[in-house]
Asks: 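Sharing a structure here in structure tokens format.
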Amino acid sequence: MRKLTIMIFSTMLFLSSCLPTLQLEDLGVITSQGVDMTEKDEIEITMSVLQFQANSTSPTTIVSGVGSTIKGAVEDAGQKVSQQLVPGKLELEIYSKEVAEKGIQPYLDTLRRDANIPDTLFLAVAEEKAKDIFHIKEEYISTNIGEFLHGLIQPGSEQRLFPGISINKFSTYINNEGIDPIAPIIGLREGTPVITGIALFKDDKMKGQLPIEFEHYFTLNEGTVREDLVEFELPMEPFTEYLPKGSGDEEKLKIVALIEEGNGKIKLKDKKALKFDTNIKIVLNLLEISRQYKLDDPKAIAQLEKEIEKQTKSQYEDILKYLKELNTDIFGYGMIYRTNKKGGKLTDKEWDEKYPNIDVTFNVKVDIVRHGTVNR
Amino acid sequence: MWNRRKRSQSDQSDEVIFPLKIDELKNLLVETFVNSSSLNFTKYKINNKNVAVFFIDYQVEGAKLGPFLEPLLEFDSDKEFTYQTLLNGLPLSTGSTSNTLKDIQKKLISGEAFIYIEKEKQAISYPLTIKETRSPGKAETESLVLGPKIAFTESILKNMNIIRWQINSTDLVFEEFTVGKQAPREVRIAYMKSVANEDDVNTIRQRIKELDVDQIEGTIVLKQYLEDSQTNLFPQFDETELPDRFAYNVTRGKIGVLVDGSPTSFIAPATLFSFLESTEDLYMRWQAGSFLRILRFLAMFFSILVTPTYVAAATYQYAIIPSQLLVSIGQSRAAVPFPPIFEALLLEFLLELLREAGARLPTKVGQTMGIVGGIVIGQAAVEAGLTSNILIIVVAMSALSSFTTPSYLFGTTIRLIRFPLIILAGFLGLAGIVFGVSFLLIHLLRLTSLGRPYLVPIYPLRLADFNKVFFRTPFSYESKRAKSYRPKDLIRFNKKDAKQKRDIDE
Amino acid sequence: MDINVKVKPNLQIRAFYLFFIIAGIQLGVGIIGAPKFIFVEAERDSWLAILIGFLFMCVVVGVMFFILNQYENADYFGIHVDLFGKWIGKFLGTLLIIYLGASFLSILMTYIQVIQIFLYHALPNWIITSLIMILVLYTVFGGIRVVVGVTFIFFIITLSLLTVLYDPLLRINMYNYLPMFQASFPELLRGAKATAYTFAGFEILMIIYPFVSNKRNAKLPVYLGLTFTTFLFILITMLSIGYFSAKGLKNIDWALLILVKSASFTFLERLDYIVVIVWLMVIIPNLVLLMWAMAYGMKRLYKIQQRKTHYLFTGIILIAVNYFQYGHQITKLTDFIAKTGFWIVYIYPLLLLPIVLVRKKLKSSGRSKPS
């Protein structure tokens with residue numbers, strides 16, 4: 001027993017000189033960072049850093065550094081602050097459009113190699129330069145910039161769908177032959193950062209983009225969507241018989257609804273002919289309608305459902321056409337194809353050739369289950 | 001030389017000294033009680049014989065002297081006047097005779113009054129002892145909301161009396177022992193003949209008999225002498241001042257020990273978990289009882305772990321703190337000039353000071369002390385930048401948790417364990433905590449109490465005992481005693497009868 | 001040296017604890033990295049490979065039980081001497097002890113590597129080792145009762161780590177499992193062989209068996225222990241396959257730890273740190289059982305005091321760990337242990353079986369002749 005005590009104490013003595021400490025007040029905790037390219041093809045990193053000072057109102061500062069590697073750039077930035085910069089709480093990394101188009105694989109590699117960087121890190125693409133997003137005036141937003149951006153990206157905690165694209169998910173998709181990743185695009189609107197669009201990647205390179213309004217078409221395909229608002233603009237003609245007379249003469253019927261539950265499933269119909277079925281099921285709760293409408297009539301509801309189905313279907317077809325042009329398989333048809341192939345192996349090249357030739361039928365099924373407390 | 005003298009002296013006191021003349025006896029006694037003037041030595045002449053009555057003033061109850069002296073002085077002169085006739089003649093029941101000096105001395109100091117008739121072979125003595133005791137009061141160290149409030153007193157007779165009334169059974173045994181060579185004390189072990197494990201009783205008997213000390217200061221000291229490992233931080237027997245807790249444990253097959261002159265008792269064997277049990281759990285509804293027990297458990301872990309975790313997180317693993325909390329902890333840390341380990345030790349030290357001061361001071365002052373210390377000093381320390389306010393909350397919570405332990409001794413142990421853990425956390429971070437906790441666990445596994453494992457019923461695993469230790473079930477499910485202590489008789493009552501249900505509307 | 005062991009009743013353990021001993025010694029550092037090695041061989045059908053490994057293991061354990069039951073109360077050391085005579089028997093016993101010592105070192109080094117990668121980059125090997133050795137020595141000095149107790153309690157505590165797996169479970173991609181049943185039989189067998197390092201450890205049964213008090217009930221807990229390990233192993237491998245992409249998993253060394261990297265509770269983040277550190281409590285049972293087995297073996301073979309072996313071995317370990325400074329050295333050591341382990345743990349009992357049978361026959365005929 002005494003021997004043990006002596007051993008413990010002697011070990012402790014040695015330890016105190018061995019272990020470098022990371023005391024909280026000596027740290028600059030990076031919460032989010034943006035990656036840009038300078039004209040000289042160097043990497044510029046802009047970081048929002050938590051610095052702890054007594055009685056300061058805003059704990060965040062923006063630091064930037066330039067270097068030929070990411071770690072080099074962070075090092076460079078570190079010399080501009082008194083604290084040691086640590087990445088253990090990195091929550092968001094934003095790439096400028098330029099960087100994203102060149103390919104972000106090298107940056108991902110650094111992030112994944114370091115065991116200190118959490119896997120909950122989210123990725124995003126900036127509309128233009130990433131550093132612009134960090135250099136906004138703080139009065140436009142209620143909290144500090146790092147937290148604000150993270151809040152923008154973070155979906156509900158149990159929903160693991162777009163726009164919360166974590167680094168793990170992204171790199172899994174890159175490594176997966178039959179599916180390509182997406183990421184949110186963050187831009188500035190009146191000085192405030194917002195999500196403006198969806199960046200479409202082909203492997204690690206950004207190929208194109210779609211406006212954020214198309215979000216649901218992707219999330220529905222990704223998994224089960226719950227409690228999400230959607231807007232539809234439908235042509236007026238099919239509804240004329242269910243509209244009370246003389247209540248307006250707009251050209252479009254606008255509807256806002258809440259997706260109670262929605263999901264999509266892809267099925268391979270014909271392996272040779274590359275025929276796929278995408279079955280989308282949406283259960284809606286009607287929240288807002290721009291005209292008075294006979295909601296107590298089952299036929300009227302059925303008509304509404306039918307029109308929404310029709311519109312969704314044509315939207316999906318347009319999106320797929322665009323994706324085929326870019327040759328990026330966001331919906332993951334390749335993955336389905338692979339699982340049905342013997343041996344379960346598929347190379348990137350093989351699918352690149354096959355993808356433009358796939359034939360997809362979208363079957364959309366919409367159910368309006370609730371329409372609030374009033375009927376008209 | 002010294003040895004021989006000592007022996008000759010003791011030889012002398014062991015010798016039969018009678019018959020003697022009264023004056024010779026007086027000289028002999030005054031010689032032994034040199035410098036103590038309280039020896040009351042009176043000569044009487046009764047029936048033409050010289051009679052001496054002697055006792056020590058303060059050990060004898062004055063009121064009892066009357067009924068003792070009166071019959072003596074009015075002794076019938078027709079009868080033969082010897083010690084035998086006197087012994088029969090006096091209307092007191094507990095008379096005894098003695099004829100050696102040692103015996104007389106011993107009896108004198110324990111409060112007996114002697115009569116010696118000149119030239120007789122024996123002296124007669126009667127215990128007229130006066131023993132100052134306090135009447136049983138309210139429990140001070142272990143307080144209960146529900147349940148009996150009476151606590152043990154310093155008198156072993158009163159204590160045994162209280163227990164007898166709690167366990168009114170012929171099965172209950174109070175075995176008597178005397179411990180201490182120089183100043184002996186009465187020690188009693190109490191157990192249920194038909195329930196308590198024979199081995200355990202034998203072990204404790206043997207340990208008490210083999211104890212070779214000059215004197216013991218009380219129950220808790222005796223407890224430390226009897227424990228399996230005296231060098232250990234953990235108490236291995238459970239101490240209590242509550243007769244109901246004592247009685248509960250004894251009826252469940254444990255062994256209780258009482259010491260004369262000490263207002264606490266201890267119970268053996270104990271486990272780590274028995275220190276977290278309170279009889280109050282039994283008085284509550286079973287849901288509330290279970291809740292309180294689990295609460296105390298969590299409090300123990302919390303109390304041990306929370307400050308070290310703060311130190312580890314603030315020194316090494318900042319990343320485990322959630323982001324929102326990180327800002328507030330970081331900002332409050334920024335004003336503090338010390339490393340977290342020093343900060344934490346300082347505050348824990350301050351808190352221990354407050355607690356100790358509160359315990360030493362008179363009750364009324366003590367209360368003010370707590371308020372002054374808690375609020376004023378804490379506030380001032382934060383403002384002066386000595387500690388961060390988050391740490392104040394952390395330390396206060398951990399202190400509060402440590403006070404929930406029903407056993408005061410065990411609570412102290414928990415508070416002590418914190419310090420090495422804080423130091424480990426300060427040097428090694430989270431790994432230090434896990435190292436420390438592992439070490440503690442291994443240590444606990446190695447511990448025994450009266451030869452029984454300390455962590456029973458977890459190891460060795462006895463699932464059937466979980467409802468007596470970790471939570472409580474309705475009494476109808478507690479038909480058996482804890483198997484962990486291997487009682488002679490496991491069954492408390494018939495389970496079938498307890499569970500018998502009537503049909504509806506019967 | 002006695003072939004059969006006389007064990008004092010106060011040192012005996014209940015058969016029930018064999019479950020924890022078997023599961024405790026099997027779950028160690030192996031399972032952190034194992035998904036990769038199996039996936040490389042058997043791809044999506046790794047679970048089948050693990051099941052094959054499990055079946056093979058069950059056969060081996062069955063053979064072990066059969067051999068043990070031929071004797072009154074013997075262990076590996078006694079059986080060796082009985083079968084091969086004093087010299088060869090002792091030599092084989094020594095080889096076994098060396099193997100146990102090497103696997104001790106390999107477990108320790110792998111864990112040290114994990115700690116250094118995830119948490120303390122600058123902490124030298126010997127410091128981590130001395131800390132761990134303090135715990136190990138403190139346990140083994142308590143004797144078998146404490147060794148089994150530590151195995152049991154640490155096992156129960158570390159089971160709570162499984163809750164962390166909720167997060168990867170919610171993030172898995174079901175398509176990664178399809179199509180099933182594509183691996184060829186040789187691939188599956190190679191996958192099964194890759195489980196050898198993770199599953200190894202149950203040879204402790206052949207050493208600890210004499211200490212079991214109720215031997216008649218010993219089989220069930222042992223098989224349940226094996227089943228539990230297999231279940232956990234399949235769970236973690238399948239989670240890794242679902243969570244990572246096929247290309248990714250082949251490059252991930254510590255799949256289990258990366259799996260939990262995205263898990264967090266509201267009051268605690270970065271659960272991977274917690275898992276890495278609490279994993280100490282997973283490997284301690286491994287180490288103490290091996291340490292105990294070694295010292296006990298030395299006592300059986302050469303009548304050396306257990307205490308002395310403990311001190312000696314601790315000294316050797318403290319020196320040896322400083323040699324391993326690079327990742328590839330540790331990989332080499334682990335590979336070596338995995339390879340030799342396959343022969344010692346899995347194949348050797350099967351080779352022993354015919355010898356035991358022949359000897360039994362000889363004995364019985366030899367006995368029947370004079371009568």
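Just so we're on the same page: letters track the sequence lines, and every chain starts at 1.
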Asks: Determine, stepwise, if the pair B:Val327 / A:Thr60 fulfils side-chain contact (heavy atoms from CB on, under 4.5 Å).
Replies: CA-CA 10 Å; B:Val327 177; A:Thr60 321; over 6 Å; no
Asks: Roughly how far apart are A:Thr21 OG1 and B:Ile341 CD1, rounded to 0.5 Å?
Replies: 11.0 Å
Asks: With a 4.5 Å cut-off on heavy-atom pairs, point out which of B:Gly385, B:Gly426, B:Gly330, B:Ala335 contacts chain A the most.
Replies: B:Gly330
Asks: Quick one: what part of A:Val29 sits under 4.5 Å from any heavy atom of chain B, side chain, backbone, both or neither?
Replies: side chain
Asks: Does the side-chain contact (heavy atoms from CB on, under 4.5 Å) test come out yes or no for A:Phe52 and B:Ile329, once each step is laid out?
Replies: CA-CA 9 Å; A:Phe52 306 114; B:Ile329 292 185; over 6 Å; no
Asks: Against chain A, label B:Pro337 side chain, backbone, both or neither, depending on which of its atoms sit under 4.5 Å from a heavy atom there.
Replies: neither
Asks: Taking side chain as everything from C-beta outward and backbone as N, CA, C, O, which of these in A:Gln51 sits under 4.5 Å from a heavy atom of chain B? Side chain, backbone, both or neither.
Replies: neither
Asks: Testing the basics here: between A:Lys89 and B:Ile321, what is the closest heavy-atom pair and its distance to 0.1 Å?
Replies: NZ-O, 2.5 Å
Asks: Answer with side chain, backbone, both or neither: which region of B:Gln317 has an atom nearer than 4.5 Å to a non-hydrogen atom of chain A?
Replies: neither
Asks: When only pairs under 4.5 Å are counted, which of B:Pro339, B:Ala319, B:Ala313 shares the most heavy-atom pairs with chain A?
Replies: B:Ala319
Asks: Does B:Tyr318 reach the main-chain N or O of A:Leu22 with its side chain, forming a donor-acceptor pair under 3.5 Å?
Replies: no
Asks: Return the minimal non-hydrogen interatomic distance between B:Ala334 and A:Glu25, and the atom names on each side.
Replies: CA-CB, 3.9 Å
Asks: Can you establish whether the number of heavy atoms outside A:Glu75 located under 6.0 Å from its atom CD is more than 12?
Replies: no
